[in-house]
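Here is how names work: the chains are called A, B, and so on, in the same order as the sequence lines, proteins then strands, and each is numbered from 1. Given the structure is predicted, the values throughout are model-derived calculations rather than measurements.
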Amino acid sequence: MNAIETKRLTKRFGMVTAVDALDLTVREGELFSLLGVNGAGKTTTIKMLSGLLKPTDGSARVLGHDLLTELPAIKPLLAVSPQETAVAPNLTVRENLELIAGIYNSDPKRVQRMIDELGLKEAEKFKAKRLSGGWQRRLSIAMALVSDPKLLFLDEPTLGLDVLARRELWQVIESLKGKVTVILTTHYLEEAEALSDRVGVMNGGKLKITGTPREILDAAGTENFEEAFIRLAGGEAK
Amino acid sequence: MKRTFCFAKRNLKEIVRDPISVGFGIVLPIVLLILLSIINSNIPKEAQENMFEIRLLAPGISVFGLSFIALFAALLLSKDRESSFMLRLYTSPMTGGNFILGYALPLLPMGVVQLIFCFAAAIALGLPFSANLFVCIAVCVPIMVVNIAIGLICGTLLNEKAVGGLCGALLTNVTAWLSGCWFSLDLLGDGFRKFAYILPFANAVDAARAAVDGSYADIPGKLWVVSAWAAGLTALAVVIFTHRKKLK
Ligand SMILES: Nc1ncnc2c1ncn2[C@@H]1O[C@H](COP(=O)(O)OP(=O)(O)OP(=O)(O)O)[C@@H](O)[C@H]1O
Ligand SMILES: [Mg+2]
């Protein structure tokens, strides 16, 4: 089964067409990276697929349910780590995780597991607002993972993380492969190349190309992923 | 239910970890009580002005003080609405009812605490202690709900800045004028009086005064009006929040 299937999915904000008749298919258990320059429409796509924005046009099926009519059936199964860090500032790290675990009715043991896996142990009792940006980021990601989702949206998860934390997060993401469908956006191309089963490059709200990192390289006729990205995404950029 | 409860727990923590506003809600009614008692003691006996007598003043101020809970609720919600934390919760399975009840529940004990402090101060100022005061606290619960619902509606519709102005200044003034806790509603004429008694505030003050007096028979007639408003406004808050949360 496909985890995501969109048909001409479109979002317009007044005159701006943020996502333009997008046809995107993501298989179950796949790690799919959505790449594209600033303003390409990645976040808008994620917001539509996670039920935060109503599509202007088109349709989508998410985990076998219709996005427009069956959202309540989809919501318990998905989790989002938004582009902007999203934590409750006055709660501690542990309390933040417990809150989300409670809302999704997930196994309370997962709270400890997330603390261990994302290296949050030493910060566990700190209030979120006292954490550094990178630590808040880790917490924000842990909060997306704690509900054990079937479908996970990670919007620029590694933004602001130090090199070690980023590698640790890569491992966590790798370990989800096959079990969880992950849609990832990132501006770190080596990250997309290393982690993704498939990659899609967006520009001006349209999907320019999808394929495995290998296929992307071949299509662009280069061995350098960044170069390939520039050729594919930059083509018509302003 | 579990979702509401988890979210309520978070909001309770958010409230008690912001001690300044909690302190404000507790201290302000006490200050008013003291000031007005001093004024009362300076009013000549022959003026026959009994509005500020402690047995009328204490229940009046306690109901008035509860309007700060509206401000509190509104600030809590409007601040959350502007955060990306809220976006995360919008992607979760939480419903409008989960949100509204989750905000409202922890504000109820806060209101009770405020009343306890208010009555403790009133006792120090000469209000005789009796079991009636506990009845009064219970009688104040519906008006608490009214205030919480109004606050949550404001917090849903307005941003943080507007909330401070509207709930802070306007609502407290409206309660002051319409509740009859500052002056007798008869002074403003029959039409105004009737109007005030359609709204919950004056009814709540009367019910609280009746409770303090021990005239229990007078309570139900007033309290059902307040309770109807409480139920109606809470339902309205859920509807408005759900609508606002809907996809744009
Ligand atoms: N709420 C909004 N109102 C109006 N325009 C919007 C809104 N959200 C996004 N846009 C516009 O939609 C387009 C796509 O934005 P989006 O946030 O999806 O880009 P992105 O690919 O996530 O970019 P970035 O890499 O910078 O995060 C942009 O032109 C943006 O200005
Ligand atoms: Mg983005």
Exercise for the section: Please flag which part of Ser83(B) lies under 4.5 Å from any non-hydrogen atom of chain A: side chain, backbone, both or neither. Expected result: neither
Problem - Under 4.5 Å from a heavy atom of chain B, the part of Pro72(A) involved - result: neither
Handout entry: Contacting moiety of Leu77(A), where chain B heavy atoms sit under 4.5 Å
Key = neither
Exercise for the section: Check whether the side chains of Asn159(B) and Ser78(B) place a donor and an acceptor atom closer than 3.5 Å, and report yes or no. Expected result: no
Problem - Donor on one side chain, acceptor on other, Asn98(B) and Thr4(B), under 3.5 Å - result: yes
Practice task
Say whether Thr186(A) and Glu191(A), considering side chains only, have a donor N or O and an acceptor N or O under 3.5 Å apart.
Solution key: yes
Practice task
Between chain A and each of Met94(B), Met86(B), Lys9(B), count heavy-atom pairs under 4.5 Å; write down the option with the most.
Solution key: Met94(B)
Practice task
Answer yes or no for Arg166(A) and Tyr188(A): cation-pi contact, defined as NZ/CZ to six-membered ring centre under 6.0 Å and angle to ring axis within 45°.
Solution key: yes
Practice task
Could you have a look at Pro149(A), Pro82(A), Ser140(A) and say which one has the most heavy-atom pairs with chain B under 4.5 angstrom?
Solution key: Ser140(A)
Practice task
Heavy-atom pairs under 4.5 Å with chain B are the metric here; pick the option from Ser50(A), Ala88(A), Ser147(A) that has the most.
Solution key: Ala88(A)
Handout entry: Part of Glu95(A) lying under 4.5 Å from any heavy atom of chain B
Key = side chain
Problem - Atom NZ of Lys177(A) with >12 non-hydrogen neighbours under 6.0 angstrom - result: yes
Handout entry: Check: Lys11(A) side chain, Lys54(A) main-chain N or O, donor-acceptor pair, under 3.5 Å
Key = yes
Exercise for the section: Select one option (side chain, backbone, both, neither) describing which atoms of Met48(A) are under 4.5 Å from chain B's heavy atoms. Expected result: neither
Problem - SB check Arg198(A) Glu30(A) (cutoff 4.0 Å) - result: yes
Completion exercise
Bottom line for Thr56(A): the part with an atom under 4.5 Å from chain B's heavy atoms is neither
Exercise for the section: Using non-hydrogen atoms and a 4.5 Å limit, figure out which bit of Ala144(A) sits close to chain B: side chain, backbone, both or neither. Expected result: both
